[in-house]
2 protein chains.
Amino acid sequence: MFGLSEGYREEIVGRVVRNLLDVQILRLVEVEPLWGYRIKKQFESDFNVKLRHGALYPTLNVLEQRGFLLSRRQQKDGRARKVYAITTSGREFLSSYYGVLREQIRC
Amino acid sequence: MFGLSEGYREEIVGRVVRNLLDVQILRLVEVEPLWGYRIKKQFESDFNVKLRHGALYPTLNVLEQRGFLLSRRQQKDGRARKVYAITTSGREFLSSYYGVLREQIRC
DNA sequence: CATGATATGTCCAGAAAAGGACATATTGTA
DNA sequence: TACAATATGTCCTTTTCTGGACATATCATG
């Protein structure tokens, strides 16, 4: 699946997604509006890293408080969801993140 | 110095270099063999982030224990330096890191 | 000869983060 | 009707990390 030099990949992915959890959440929500439970599931399938909901929900609140996400309550099949969408500030924050990454790999 | 979308740059740089301190050290030593004090100085000029030597030296030891760096004692003008050079494993680790970054920005 | 720069190292208290439990409610399935 | 999945939230203990101090030694400059 990965080349010879990719032996440390899992460790690095784990560290990046854990330390930059808020950024990774923004990256997912940037594609389409999502709610906590979907984010958790997608996180685990995308990165193969367990995401505690005890860490996720407080982080979502912080992202909304910072103005990077905006939530609206949604009723779907009797389920009360809190759907988050990215804001302009959120996109700017991601833009800064991608800028730093580009400097790191210089491409 | 930076565009409109770069307002969050400093925060992100700070978080990346602090959380991936070992990786950033490897990136510097990859270019040329360096000793602790030079790494500290270069760090501060490159990233504009203060690097405590109380954090640096233990990290260098861990990197050597993991086989990513190799040190040799050097005497230069009566100064006892511990010069670190990157190993093949160290380069492979960096390779994995750059791979993860490329996936993040998908380029 | 004192002060700042170079150079490397340890240690500890307080702060932050992680892991996991506690808590609740609905829906679908066996 | 019990159990798994969906869905969101809090709380507490343990572990990890951060900032800063303690410690030592040489060299250059005023």
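What's counted below: heavy atoms across the whole structure, side chains too, no hydrogens, waters or symmetry copies. Letters A, B, ... mirror the listed sequences (proteins, then strands); counts begin at 1.
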Colleague: Quick check: on DNA chain C, is the nucleotide nearest A:Gly78 upstream (toward 5') of the one nearest A:Arg52, or the reverse? Name the residue that is more 5'.
Modeller: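 Closer to the 5' end of DNA chain C: A:Arg52.
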
Colleague: Might you point out which heavy atoms bring B:Gln75 and B:Ala80 nearest each other, and give the distance in Å?
Modeller: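 Where B:Gln75 meets B:Ala80 most closely, the heavy atoms are NE2-CB, 3.4 Å.
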
Colleague: Go through the structure and list residues passing salt bridge (Lys or Arg N to Asp or Glu O under 4.0 Å) with A:Lys40, not counting sequence neighbours.
Modeller: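 So A:Lys40 forms a salt bridge (Lys or Arg N to Asp or Glu O under 4.0 Å) with A:Glu44.
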
Colleague: Using the C1' atoms of the five pairs at each end, what is the angle between the end axes of the helix from C:dC1-D:dG30 to C:dA30-D:dT1, to 10°?
Modeller: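 Taking five pairs per end, the axes differ by 0°.
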
Colleague: Using a strict cut-off of less than 4.0 Å between a Lys/Arg side-chain nitrogen and an Asp/Glu carboxylate oxygen, indicate whether B:Arg27 and B:Asp46 qualify as a salt bridge.
Modeller: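 Judged by the 4.0 Å cut-off on N to carboxylate O distance, B:Arg27 and B:Asp46 do not form a salt bridge.
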
Colleague: Locate the shortest heavy-atom distance separating B:Tyr84 from B:Asn61; write the atom from each residue and the value.
Modeller: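 Reported closest heavy-atom pair: OH-OD1, 4.0 Å.
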
Colleague: For the residue pair B:Gln42 and B:Leu34, what are the closest heavy atoms and their distance?
Modeller: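 The pair with the smallest heavy-atom distance is OE1-CD1, 4.0 Å.
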
Colleague: Distance under 4.0 Å to a non-hydrogen atom of chain B counts as contact; along DNA chain D, which nucleotides mark the start and end?
Modeller: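 Listing 5' to 3', DNA chain D meets chain B from D:dT18 to D:dC27.
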
Colleague: Of all of residues 14-45 of chain A, which get a heavy atom below 4.0 angstrom from DNA chain C, listed by number?
Modeller: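 When residues 14-45 of chain A is checked for heavy atoms under 4.0 Å from DNA chain C, the hits, listed by number, are A:Arg18.
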
Colleague: Residues of residues 53-69 of chain B with any non-hydrogen atom less than 4.0 angstrom from an atom of DNA chain C: list those, numerically ordered, please.
Modeller: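 DNA chain C contact set from residues 53-69 of chain B: B:His53, B:Gly54, B:Tyr57.
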
Colleague: Any protein N or O atoms within reach of nucleotides 2-4 of chain C? Criterion: under 3.5 Å, listing atom names and distances.
Modeller:
none

Colleague: Could you go through the side-chain contact (heavy atoms from CB on, under 4.5 Å) check for B:Tyr37 and B:Arg81 one step at a time?
Modeller: CA-CA 9 Å; B:Tyr37 194 83; B:Arg81 286 174 185 165; over 6 Å; no

